[in-house]
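Chain A is the first sequence line, chain B the second, and so forth, proteins listed ahead of strands; every chain is numbered from 1. Computed over heavy atoms, backbone and side chain alike; hydrogens, waters and symmetry mates excluded.
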Number of protein chains: 2
Amino acid sequence: MMIEIDFNSDEALYMQLRNQIILGIATSQFHEGDVLPSVRALAETVGINMHTVNKAYTVLRQDGFVKVDRRKGAVIAVDMDRAREEDRIEKELRVILASALCRGLSRSDLHRMIDRICDAYDKEEA
Amino acid sequence: MMIEIDFNSDEALYMQLRNQIILGIATSQFHEGDVLPSVRALAETVGINMHTVNKAYTVLRQDGFVKVDRRKGAVIAVDMDRAREEDRIEKELRVILASALCRGLSRSDLHRMIDRICDAYDKEEA
DNA sequence: CCCGCTGTTATAGACTTTGTATAACAGAGG
DNA sequence: CCTCTGTTATACAAAGTCTATAACAGCGGG
């Protein structure tokens, strides 16, 4: 999977990495058990420091998306804690939904948007 | 409207302020034309610095939620630029939806979640 | 057995962001 | 005139981000 960094983004580099890998898992470009590039290799190819990649992997581990094996490296291993996740998701959604509603987006607009994003994931997956 | 700050949150104080005010607009606790507390007053009641409140108001202005009148203060004035907003919303949704799907939440789970949040807003509004 | 790979840790420096603190300014209004 | 409004400037401390070098332990292949 191609991982790209936008150095002009105001989003932290390690968060860009984290998010792209989560997107990769959602679109089945990464599967359970897949091994991510080593921190040094990914740092090299992307053009950033090793520690920045390491921080991304550490966050991914804390968030339950990978398990880190000292010899193999970072392995995709999604922790399925639905209840806890549902709370987190809903909390994050509240603000962004609020701002959408303020702009005049309707509830059905949001549903359509959800479907469009999910469709894009399903398509990429195939 | 009651505005509260969580000093233990890892979210920046000015962003907490910003988000709560957006939530307030979405739930009609703030209406078009309403005047927000002055930067000094809000800073006093919340227990933070004036400049932190000012930054929140500045961000709200940049994001098109308030207009600032030098004599009256910050006034709720939502900028209805749907097209631009739709892009921003969708971009923000992509990552959080991806992480939800990774955890095993289904598309209909997400739809239900959207409805639940919107229902809560409608209810608060009434 | 050593070499090379893995993540991990430590230390240090530069830079940005965040939040606070004081102070002063112009504009508007009672 | 006094007081309220946002705005601006300056300074400072603390935290976060990113880089750079270096070293360590564990494991596996030649």
Completion exercise
Taken to the nearest whole Å, NZ/B:Lys72 to P/C:dG29 is 10 Å
Problem - Residue whose closest nucleotide on DNA chain C lies nearer the 5' end, B:Asn49 versus B:Arg40 - result: B:Asn49
Exercise for the section: Map B:Ser38 and A:Glu11 onto DNA chain D by nearest heavy atom, then report which one ends up closer to the 5' terminus. Expected result: B:Ser38
Exercise for the section: Please report, rounded to the nearest Å, how far the P atom of C:dA28 is from the CG atom of B:Asp69. Expected result: 9 Å
Exercise for the section: Verify the neighbour count for atom CD of B:Glu44: are there more than 12 heavy atoms of other residues, nucleotides or ligands below 6.0 Å? Expected result: no
Exercise for the section: Before accepting this row, confirm whether a basic side-chain N of the pair B:Asp122/A:Arg107 lies closer than 4.0 Å to the acidic partner's carboxylate O. Expected result: yes
Fill in the blank from the handout: dist B:Leu23:CG -> B:Gln20:CD (nearest 0.5 Å) comes out at 7.0 Å
Problem - Interatomic distance, A:Tyr57 OH vs C:dT6 C1' [rounded to whole Å] - result: 12 Å
Handout entry: Linked, directly or transitively: B:Ile76 and B:Met2 (ILVMFWY side chains, under 4.5 Å)
Key = no
Exercise for the section: Answer yes or no for A:Arg103 and B:Phe65: cation-pi contact, defined as NZ/CZ to six-membered ring centre under 6.0 Å and angle to ring axis within 45°. Expected result: yes
Completion exercise
B:Asp6 atom CG is separated from C:dG19 atom P, nearest whole Å, by 12 Å
Practice task
Taking atom types as modelled, find out whether B:Asp109 and B:Ser106 have a side-chain donor-acceptor pair closer than 3.5 angstrom.
Solution key: yes
Fill in the blank from the handout: Rounded to whole Å, CZ of A:Arg70 lies from P of C:dT6 at a distance of 14 Å
Fill in the blank from the handout: B:Leu13 atom CG is separated from C:dA21 atom P, nearest whole Å, by 12 Å
Handout entry: Rounded distance (Å) that lies between atom P of C:dT20 and atom CE of B:Met50
Key = 11 Å
Practice task
Could you state the atom-to-atom distance from CD1 of B:Ile48 to P of C:dT18 in whole Å?
Solution key: 13 Å
Problem - 5' to 3' contact window, DNA chain D with chain A (heavy-atom distance under 4.0 Å) - result: D:dT17 to D:dC27
Practice task
Return no unless some side-chain N or O of B:Thr52 is found under 4.0 Å from OP1 or OP2 of C:dG19.
Solution key: no
Problem - Lys/Arg N to Asp/Glu carboxylate O, A:Arg116 vs A:Asp119, below 4.0 Å - result: no
